[in-house]
Amino acid sequence: MDWGYKAMLTATTVALLLTVAQLFGRRLAGVLAGLPTVTGPALLWLALEHGSTYAFEAGLGSVVGCALCALFAYAYVQASRTSGPWLAAGLATAASVLLMPPAALLGNSLALAVGVALVVVVALYLLMPAGAVEAARRGFGLRGEPFITAGVAGAVSGAVALAAPEVGPFWAGVLASPPLIAAVVAMQQQGTEGPQAAAAFLRGYVGGLIGRIGFGAAFALLPLVLPVSLAATLAFAAGCLLTAASMRWLGRRAVPVLQRT
């Protein structure tokens, strides 16, 4: 498969997900954006082309990438209180990039990477403004955003496929998990409806990253014993189930925070 086909398939998947999500509110849209809608296809292509050992390291990298994505979302929410969308996105990107070198230290242990990523994601989810929950319940209108974000997602998938031989499996996995969809939608929401709307979306996004961590861990391990396509399917199912369970658990813990605000 060439990179153009991979990019088109990824873009189509993301467009469908966001088009459905806009009907049910910002929180669900964020959760779906946090799931491995981009990471999954990118890792699947890598595994099919480079084998199970490469898939293990790339899956590990994608887990580490989830922690960096959560840091981006948290930094964006904080920056958006006093900055416009473009500056907030720039500051959040700088914050996550600065933490990439220490994140590389997690590249030697899948268990350690999963543990650290889960702690970071859950902690930042609970620290993000729970007042955004009310805004998250309302649906929101998208105009061209599903197609913009889908195009960006497809470009990322194709770029990762092209860059993988150069950057190595771990960093290919990290690059397969960028917060590009989150950034585009958050900027649109902040620009049209204010920072609280962006915060509602990004809180759901961070919650969805829990499922992406589960996907990355499962994808790292399953291709060692199963065919790649079956491994990817089971890993995605595991990620979705983990997201559903974790969002219910985290939702109960949002109430005390709301009472304090």
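This one's a predicted model, so the numbers in the text were calculated from it and none came from an experiment.
Taking Glu57 as the reference, nothing meets the side chain to side chain donor-acceptor pair (under 3.5 Å) condition, with sequence neighbours excluded. Legend: residues meeting side-chain contact (heavy atoms from CB on, under 4.5 Å) with Ala232, ordered by chain and number and at least two apart, are Leu44, Phe219. Residues meeting the side-chain contact (heavy atoms from CB on, under 4.5 Å) test with Ser96, sequence neighbours left out: Phe72. For the side-chain contact (heavy atoms from CB on, under 4.5 Å) test, residues two or more places apart in sequence or in another chain that qualify with Ala95 are Ala75. For Leu118, the side-chain contact (heavy atoms from CB on, under 4.5 Å) test picks out Val114, Ile210, Ile213, with sequence neighbours left out.
Put simply, SG on Cys69 and CG on Leu202 are 11.0 Å apart, with the number rounded to the nearest 0.5 Å. Here the CG-CG distance, from Leu68 to Leu209, works out to 10.5 Å after rounding to the nearest 0.5 Å.
Linking ILVMFWY residues whenever their side-chain heavy atoms come closer than 4.5 Å, directly or via other members, leaves Val119 and Leu112 in distinct clusters. Under a hydrophobic-cluster definition in which Ile, Leu, Val, Met, Phe, Trp and Tyr are linked whenever side-chain heavy atoms come within less than 4.5 Å, directly or via other members, Phe236 and Leu241 are assigned to different clusters. Note on Leu71 and Leu98: separate hydrophobic clusters, where clusters join Ile, Leu, Val, Met, Phe, Trp and Tyr whose side-chain heavy atoms are under 4.5 Å apart, directly or indirectly. Put simply, Leu105 and Leu99 are part of two different groups of oily side chains (I, L, V, M, F, W, Y) that touch within less than 4.5 Å, one to the next.
In this structure, Leu91 belongs to a hydrophobic cluster whose other members, linked by side-chain heavy atoms under 4.5 Å apart, are Leu87.
Leu221 has its side chain within reach of Leu110: a pair of non-hydrogen atoms, C-beta onward, lies under 4.5 Å apart. Using a 4.5 Å cut-off on side-chain heavy atoms (C-beta onward), Trp171 and Met100 make contact. Considering only heavy atoms from C-beta on, Arg81 stays 4.5 Å or farther from Pro195 through its side chain. Contact annotation: the side chain of Leu224 approaches that of Phe56 to within less than 4.5 Å [non-hydrogen atoms, C-beta and beyond]. Residues Glu193 and Phe201 form no side-chain contact, since every pair of their non-hydrogen atoms from C-beta on lies 4.5 Å or further apart.
For the pair Ala88 and Ser83, the tightest heavy-atom approach, listed with the atom from each and the gap, is N-CB, 4.2 Å. Heavy-atom minimum distance, Leu222 versus Ala231: CB-CB, 3.6 Å. Of all heavy-atom pairs between Ala67 and Val120, the closest is O-CG1, 4.0 Å. In this structure, Pro85 and Gln190 approach most closely via the heavy-atom pair CA-OE1, 3.4 Å. The shortest heavy-atom contact between Met128 and Arg203 is O-NE, 3.5 Å. Of all the heavy atoms in Tyr76 and Met187, the pair that sits closest is OH-CA, 3.4 Å.
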CA sep, side-chain torsions, deciding dist, call: Leu242, Phe215, side-chain contact (heavy atoms from CB on, under 4.5 Å): CA-CA 9 Å; Leu242 181 58; Phe215 168 84; over 6 Å; no
